[in-house]
Amino acid sequence: MCGRARCTLASHEVAQACGFPANVRSVDSERYRPSYNVAPGSYLPVVHYESKESSKEPVVHCMKWGLVPSFTKKGTKPDHYRMFNARSESVRQKSSFSRLLSKHRCLVSAEGFYEWKKDGAKKQPYYLHFEDGHPLVFAALYDCWENSEGESLYTFTILTTRSSQHVEWLHDRMPVILDNAESIHAWIDQELAELEFQKLLRPYEGHDLVWYPVTPAMGKPSFDGPQCVEELKPKSSSKSLMSQLFSKAKSEKSDSESTDIHSFLRDGSTSKVLSSADYSEAALSEEEKKAVAAGMEPDEEKPKEVLSNHGDREHDSKVRNSFGMQLPQKHSLGESCAKSSSQDTKEDKVRSEIKRRKTTDSLKSTKGDDLICKDHQKTLLTFFHKQ
DNA sequence: CCAGACGTTGTT
DNA sequence: GTCTGG
DNA sequence: CCAGACGTTGTT
DNA sequence: GTCTGG
């Protein structure tokens, strides 16, 4: 998921982050306010191609985060918080998004984004970013809506995916990150083929995407500034770490599975692998030192939580299984398609629906079979055959 | 055919 | 605009 | 996404 | 808990 971000880049830097020259044409750039705490409803520079006669030109277009579909009734107040994300697994099945897939793909760039993790009763925000600080590029879709005053409002939504193994500890979903020129190019420019589509819309697995906790004050949308991304030093990260080591060592007696030393040393509150200095005795409070000396666990509660969050196989497979990307194949209506009924693709559904309607409609209509079929066939001629 | 909806989180 | 439900 | 409010009466 | 505002 991705509902808050840092974008303090200049418009031209956004263009550059997407692989374009700094001098690409910009539209409405004066609406953009760089911010460490961008929420849906605010403007961000978005990169997309604008088709001119027989040619296309890249533009940095300032749009509002939070999709307002073009068919939104005039006079209604636009709601940017309803569709600020689009699940990539179901984006083709959702009518609000599928219509944008062929011609309304765009890129959003930001230095980082925030995720909240429930830590008992508290919600702790974390800042995610590339280790070396270079901007992220997200896959996005945009649309244009005309309000009652006849003004055009451009909005976008960021695609999400299940999280990579690495990030799963923090959150089960993450934005689709395009990390190289080819992916970026493929998303924004080329005709998207099925395989390409699947290849792009998956979790970013690189370990150069890192995170650390930040001040809960940034939860307030009005809170802005570099403070948002200042690393919050946990008051006693050694506490959870020590108990993590204890309980891990304990459980290992009954667990023959081999273990990675890094999983010991990884404190989930940051993505960094901690050095020995981070869990030295000196880092312990007096209270904890006594407990350690007495051979007791400083904290019995927390470690279980931590371990179950990135070691639990049942949980892991549950999350993985929830990723059911079902993509219809490119083919005509007449083609036969042998597929298991349990894994019906969208096209299977459409085909059976057409079949059903063809029979039911022909009973109550004077229209010829072919015409009726044509009517429903339109639903198949979508996505990538349009342009 | 027409009418009506069209979304994401997370949590249970 | 496109899909689902009736 | 998170934060913050969440109501009624009557009077001005 | 649920709705509204940013």
Side-chain angles (χ1 to χ4, degrees), chain A residues 1-6 33 35 37-43 64-73 76-104 110 113-118 122-128 140-141 143-146 155-163 170-175 214-224 228 318-319 322 328 346-347 349-354 356-368 371-383 386:
Chain A
M1 208 266 319
C2 178
R4 213 70 82 77
R6 168 195 175 183
R33 294 286 171 277
S35 169
N37 200 354
V38 185
S42 43
Y43 283 101
K64 260 187 178 177
W65 185 8
L67 194 84
V68 177
S70 59
F71 53 78
T72 302
K73 286 187 202 118
T76 61
K77 204 177 104 188
D79 184 354
H80 301 286
Y81 303 90
R82 203 157 49 165
M83 288 179 258
F84 59 85
N85 282 159
R87 296 175 79 97
S88 57
E89 299 92 329
S90 57
V91 73
R92 300 157 145 285
Q93 280 74 28
K94 307 293 182 179
S95 45
S96 301
F97 301 138
S98 62
R99 43 188 293 281
L100 308 173
L101 281 173
S102 64
K103 289 176 167 179
H104 290 251
F113 61 102
Y114 304 91
E115 296 289 1
W116 279 259
K117 187 175 172 58
K118 258 198 174 166
K122 282 165 189 170
K123 272 189 288 187
Q124 175 61 52
Y126 294 83
Y127 177 60
L128 296 90
L141 297 168
D143 205 353
C144 179
W145 171 68
E146 210 169 85
T155 60
F156 68 89
T157 186
I158 295 174
L159 276 86
T160 68
T161 167
R162 70 181 173 87
S163 283
L170 229 197
H171 206 90
D172 62 337
R173 298 197 67 77
M174 71 191 290
V214 293
T215 175
M218 60 74 51
K220 196 173 168 149
S222 61
F223 188 91
D224 197 4
C228 290
K318 214 159 128 193
V319 172
S322 72
K346 178 186 182 179
E347 186 141 355
K349 283 179 187 167
V350 171
R351 190 177 293 109
S352 62
E353 179 66 8
I354 288 173
R356 190 187 68 76
R357 290 178 178 203
K358 192 177 164 186
T359 42
T360 56
D361 283 355
S362 55
L363 291 175
K364 51 186 177 181
S365 169
T366 54
K367 239 187 200 176
L371 264 171
I372 292 162
C373 192
K374 242 175 207 167
D375 184 5
H376 298 311
Q377 218 169 356
K378 277 190 289 189
T379 58
L380 287 174
L381 308 172
T382 50
F383 310 135
K386 281 186 188 168

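Sequence lines set the chain letters: A, B, ... in the order given, protein chains first and strands last, and positions in each chain run from 1. Quick note: numbers below take in every heavy atom, side chains included, and nothing from hydrogens, waters or symmetry partners.
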Check: Say you pick atom P in B:dA5 and the same atom in E:dG6; how far apart are they, in whole Å?
Finding: 28 Å
Applying side-chain hydrogen bond (donor to acceptor under 3.5 Å, both in side chains) to A:S70 and not counting sequence neighbours gives A:R99
Let me have the donor-acceptor pairs involving side chains of residues 214-224 of chain A, under 3.5 Å, with sequence neighbours excluded, atom names and distances please.
from, atom 1, to, atom 2, distance (Å)
A:T215, OG1, A:A217, N, 3.1
A:D224, OD1, A:S35, OG, 3.3
A:D224, OD1, A:Y36, N, 2.8
A:D224, OD1, A:N37, N, 3.4
A:D224, OD2, A:S35, OG, 3.0

By the Watson-Crick or G-U definition, both distances under 3.5 Å, B:dC2 is matched with C:dG5
Atom NZ of A:K64 and atom P of E:dG6 are separated, to the nearest Å, by 11 Å
query = Under 4.0 angstrom, heavy atoms only, what part of the nucleic acid is A:K77 near: base, sugar-phosphate, or nothing?
reply = sugar-phosphate
Rounded to the nearest 0.5 angstrom, the CG-NZ distance for A:L100 and A:K103 is 12.0 Å
A:F71 atom CZ is separated from C:dT2 atom C1', nearest whole Å, by 8 Å
Whole-Å distance, A:W65 CH2 to E:dG5 C1', equals 16 Å
Students should find that the nucleotides of DNA chain D closing off the region near chain A, any atom under 4.0 angstrom from a heavy atom, are D:dC1 to D:dG4
Has A:T157 got a side-chain atom pairing as donor or acceptor with A:G66's backbone, closer than 3.5 angstrom?
no
When rounded to whole Å, the CH2 to P distance for the pair A:W145 and C:dG1 reads 16 Å
Worksheet item: Which value, in whole Å, describes the distance between the C1' atoms of nucleotides D:dG7 and E:dC3?
Response: 15 Å
note: A:F97, atom CZ; C:dT2, atom C1'; distance rounded to Å ~ 14 Å
Q) When you compare B:dC6 with D:dG4, how far apart are their C1' atoms, in angstrom units rounded to a whole number? A) 29 Å
Tell me what A:G41 touches on the nucleic acid: a base, only sugar-phosphate, or nothing, going by heavy atoms under 4.0 Å. nothing
note: A:Y81, atom OH; E:dC3, atom P; distance rounded to Å ~ 18 Å
**Message:** Please report the distance separating the P of D:dC2 from the corresponding atom of B:dT11, rounded so that it comes out in whole Å.
**Reply:** 9 Å
Separation between the P atoms of D:dG10 and B:dA3, rounded to whole Å
45 Å
Note, A:W116 side chain near A:R4 side chain (heavy atom, < 4.5 Å): yes
When rounded to whole Å, the NZ to P distance for the pair A:K220 and E:dG6 reads 12 Å
| said: For a quick test of reading the model: is some side-chain N or O of A:K94 closer than 4.0 Å to OP1 or OP2 of C:dT2? | reply: no
| message | Once you apply a heavy-atom cut-off of 4.0 Å, does A:T72 come out as touching a base, just sugar-phosphate, or nothing? | response | nothing
* Does any non-hydrogen side-chain atom of A:P69 lie less than 4.5 Å from one of A:M83? -> yes
Report task. Could you tell me whether a side-chain N or O of A:N85 sits under 3.5 Å from a main-chain N or O of A:C2, the two making a donor and an acceptor? Result -> yes
